[in-house]
Amino acid sequence: MGIKGIYKEIGPGKRISLTKLAVQKLQDSDRPLRIAIDISIWQFQAQAARGGTNPAIRTLFYRLLRILSLAIQPIFVFDGPNKPTFKRNKRSGRGDGVATAMAKRLIRLFGFQAHDAPGEAEAECALLQQNGIVDAVLSEDVDTIMFGCTQTLRNWSSEGTKGSKTPTHISMYDSRDLSQGASGLDREGMVLVALMSGGDYLPEGIPGAGVKVACEAARAGFGKSLCQLKRSDTSELASWKERLVYELRNNESGFFRTRHKALTIPDDFPNMEILRYYTHPVVSPVTTLDRLRQQTWDRPIDIQGLREFARETFDWSYRIGAIKFIRVLAPCLLVRKLVQRNTAESNAPKDGNAIENEESELVKSITSRRAHFSTDATPELRLSFIPTSIVGYDFQEEPDEVIDFGRDGLALNSDDEIEDLVEEVGDADPAAKSRAKKLFSPTDADLSWVPEIIARIGIPSMVADWEEAQRAKTIARSKPKASKQKAKTGGTASSSLDKFVRVTKNNVSQTTATEKATSSPTRLEPPRVRARTPLDAIPSSSQTSRPLLSSGLSSQKSQPLKPSKPPTTKPSRSKRNPPGPPAADANVNPWTIASSQGSPRVTKHKSSSTKAPEPILISSSPPSSPPKGVRSSKKAVVDPAKASGR
DNA sequence: TTCATGGCGTGACTC
DNA sequence: TTTCGCACGCCATGAA
Ligand SMILES: [Mg+2]
């Protein structure tokens with residue numbers, strides 16, 4: 001339901017290289033960037049791909065490779081069956097069921113997480129981000145902000161007018177910056193904009209009121225005050241509406257550009273069901289969050305499984321297919337292996353030679369350094385590596401496609417997409433290989449640009465040696481007579497821990513220059529301290545007298561944790577609930593609304609367990625991190641609530 | 001006149 | 001047997 005014209009209001013976001021974002025997180029937090037990805041961002045884009053077999057899923061494959069090479073830890077979120085009732089014409093599943101199953105399989109072969117949302121993926125992603133399970137959400141639009149996401153990424157695509165369409169950049173939206181910015185839109189404000197301007201399937205919007213008028217109303221505080229209304233207080237709601245309409249008509253307080261005498265406000269505006277859709281979307285319960293929190297982000301890549309997937313799905317068959325597979329996978333897998341050397345190393349101290357031996361198994365040499373625009377000048381090193389030794393896959397096992405039984409490297413050079421250059425096929429001259437860069441042999445060295453910090457993690461001593469050599473070179477150039485005897489000051493580290501610390505320090509001092517140069521004011525918030533949602537702990541019985549939305553701080557203070565008190569609304573919930581109009585029930589029983597909203601299908605009992613039944617609370621301002629204990633007690637509170645929904 | 005809304009058509013991708 | 005998004009540019013329309 002992207003709000004039409006919303007980007008004219010909130011701006012284009014910060015366009016930033018995904019490499020830079022990932023590297024910053026690696027530096028600042030000593031761990032990879034974690035993002036939740038709404039899988040639907042590719043549901044249409046991928047259809048545009050042409051050529052070969054299954055180009056759509058192949059597009060996903062290449063994106064997954066890219067994620068791998070960015071050292072990002074993703075969790076892919078799929079839409080679930082519990083769509084809100086007012087979106088009922090849509091249905092996910094059947095049509096792309098096969099594609100969905102394939103996508104999940106591929107994602108898991110990469111060692112990435114595939115996660116099913118109970119309802120809308122966008123809302124689930126926002127929940128994961130709010131709870132610190134991920135740092136940011138990659139989505140189609142900025143709707144996630146209305147679900148409470150504070151770091152939203154969208155439009156992962158190429159940047160600049162240069163020829164390459166390689167997707168390098170994303171647009172980043174920080175909810176805190178947004179509320180401070182010119183639009184002044186926070187979560188509540190955006191929800192009001194959605195409610196007022198409506199949309200194709202948001203009924204009871206105000207016809208003729210678009211994003212401009214709605215934003216003016218939001219800046220005047222009507223979003224916040226609407227969300228702070230006590231539930232089931234119809235007179236307060238009527239008063240809110242009266243004030244809004246009065247200001248629209250007369251513009252007495254000057255909130256609006258002009259008066260709006262001609263607007264016809266529907267009788268049932270605002271639609272509380274839609275409001276609740278944003279404030280209390282159908283998302284996973286805390287138990288699921290805990291499970292996700294405990295899951296490891298470092299699952300191994302199934303190389304053999306990926307090879308078979310590519311053979312069957314993309315028709316990358318025979319030895320030629322295997323070589324193509326190795327060629328695209330190796331540079332990405334190299335990054336993974338470099339980063340893993342940080343954590344995977346045993347604590348046993350190793351001598352310098354052992355370290356250097358391990359390093360040279362991964363990387364043969366470093367050839368150059370750059371600060372390229374495609375990565376926002378994030379420093380990178382060009383690494384030379386042997387594809388087969390990175391992938392560890394024996395392509396020789398695979399039969400040749402044609403009758404050519406030759407098993408020297410020559411036949412391998414005929415890759416299917418280099419026909420343009422195949423004039424040289426049959427030319428056995430090795431020099432021809434270097435002339436035509438596209439001639440690829442998986443056993444020969446290949447080159448790849450890797451962020452310098454990642455190289456420092458995986459091959460620290462090789463980087464140190466290379467830097468020393470570079471330094472010597474420049475010195476030699478400026479003062480040819482100077483001796484290169486300057487000993488390696490750093491030398492090889494005595495332990496892996498020391499090594500990493502040293503490397504990190506070096507890298508910080510080294511990269512601050514470039515950071516300042518590019519002057520990026522944007523950075524991710526520290527995620528760990530960010531366990532939010534203190535409000536889930538609210539006893540259900542307090543709902544009817546509680547604000548629909550209020551500030552996180554005050555409500556947290558005022559919420560007594562009463563795990564022992566079961567909800568008293570069970571009777572009304574237990575009668576078979578038709579998905580019919582909940583508006584009538586809304587003032588009577590919030591639980592009814594919650595459940596009806598959650599399940600378009602009456603037969604789905606699951607909805608009651610997946611719907612977080614607690615009322616309330618949007619806190620658009622950054623929350624104070626709750627103490628660790630809150631989380632566990634919250635669990636205790638929610639469980640009975642969940643049981644009551646049965 | 002100026003401004004905002006809403007309807008319509010179109011593109012996205014990799015090799 | 002049901003279905004599906006979003007953003008952008010262009011233009012007509014109507015309100016103030
Ligand atoms: Mg959306």
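Order of the sequence lines fixes the chain letters, A, B, ..., with proteins taken first and strands second; residue numbering starts at 1 for each chain. Keep in mind it's a predicted model, so treat the numbers as computed, not measured.
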### Message
Are more than 12 heavy atoms, taken from residues, nucleotides or ligands other than R259(A), located less than 6.0 Å from that residue's CZ atom?
### Response
no
### Query
Is a side-chain donor or acceptor of Q43(A) paired with a backbone partner of I39(A) at a separation under 3.5 angstrom?
no
### Message
I'd like to know if K20(A) and E159(A) make a salt bridge, using a cut-off of under 4.0 Å between side-chain N and carboxylate O.
### Response
no
### Message
Below 30° counts as parallel, above 60° as perpendicular, anything between as tilted: where do the rings of W316(A) and F61(A) land?
### Response
perpendicular
### Rounded distance in Å - CZ (F61(A)) to C1' (dC13(B))
16 Å
### Query
Any idea which of dA16(C), dC13(B), dC6(C) is nearest the A49(A) side chain?
dC13(B)
### Query
So which nucleotide from dC6(C), dG9(C), dC3(B) ends up closest to the side chain of D143(A)?
dC6(C)
### Task
When you get a sec, tell me which of dC8(B), dT5(B), dC8(C) is the closest nucleotide to the side chain of R154(A)?
dC8(C)
### Message
Output the rounded distance in Å from CD (Q47(A)) to C1' (dT10(B)).
### Response
16 Å
#### Entry: Options dG7(B), dT5(B), dT14(B), nucleotide nearest the side-chain atoms of K165(A)
dT14(B)
#### Entry: Closest-nucleotide ordering on DNA chain C, the 5'-leading residue of K261(A) and I3(A)
I3(A)
#### Entry: Rounded distance in Å between the C1' positions of dG5(C) and dA12(B)
12 Å
### Message
Does dA7(C) have OP1 or OP2 under 4.0 Å away from a side-chain N or O of Y7(A)?
### Response
yes
### Task
Could you state the atom-to-atom distance from CZ of R66(A) to P of dC13(B) in whole Å?
12 Å
### Query
For the pair made of CZ in R259(A) and C1' in dC3(B), what is the distance, rounded to whole Å?
17 Å
#### Entry: Candidate nucleotides dT5(B), dG5(C), dT14(B), ranked by approach to the side chain of E140(A) - the nearest
dG5(C)
### Query
Is G51(A) touching bases, backbone alone, or none of the nucleic acid, heavy atoms closer than 4.0 Å?
nothing
### Message
Judged by each residue's nearest nucleotide on DNA chain B, which is more toward the 5′ side, W156(A) or P207(A)?
### Response
P207(A)
### Task
Grab the CZ-P distance between F256(A) and dA4(B) for me, whole Å please.
14 Å
### Whole-Å gap separating C1' (dC6(C)) and CD1 (I6(A))
14 Å
### Query
When you measure from the side chain of K4(A), which nucleotide among dC8(B), dC6(C), dC3(B) comes out closest?
dC8(B)
### Query
Considering only the P atoms, how many Å lie between dT2(C) and dT10(B), rounded to the nearest integer?
27 Å
### Task
When you get a sec, tell me which of dC6(C), dA16(C), dA12(B) is the closest nucleotide to the side chain of A262(A)?
dA16(C)
### Task
Specify the separation, in whole Å, of atom CE of M196(A) and atom P of dA4(B).
14 Å
### Task
Would you mind telling me which residue lines up with the more 5' stretch of DNA chain C, V142(A) or T258(A), judged by nearest nucleotide?
V142(A)
## Note on the structure
Comparing nearest nucleotides in DNA chain B, the 5'-proximal residue of the pair S197(A), S157(A) is S197(A)
### Query
Does the distance from a Lys or Arg side-chain N to an Asp or Glu carboxylate O, for D174(A) and K14(A), drop under 4.0 Å?
no
### Query
Considering all heavy atoms of both residues, which atom of I390(A) and which atom of A330(A) are nearest to each other, and what is their separation?
CG2-O, 3.5 Å
### Query
Does the side-chain ring of F44(A) lie flat on the base of dG5(C), meaning centres under 5.5 Å and planes less than 30 degrees apart?
yes
### Task
Please state how far atom NZ in K8(A) lies from atom P in dA7(C), giving the value in whole angstrom units.
12 Å
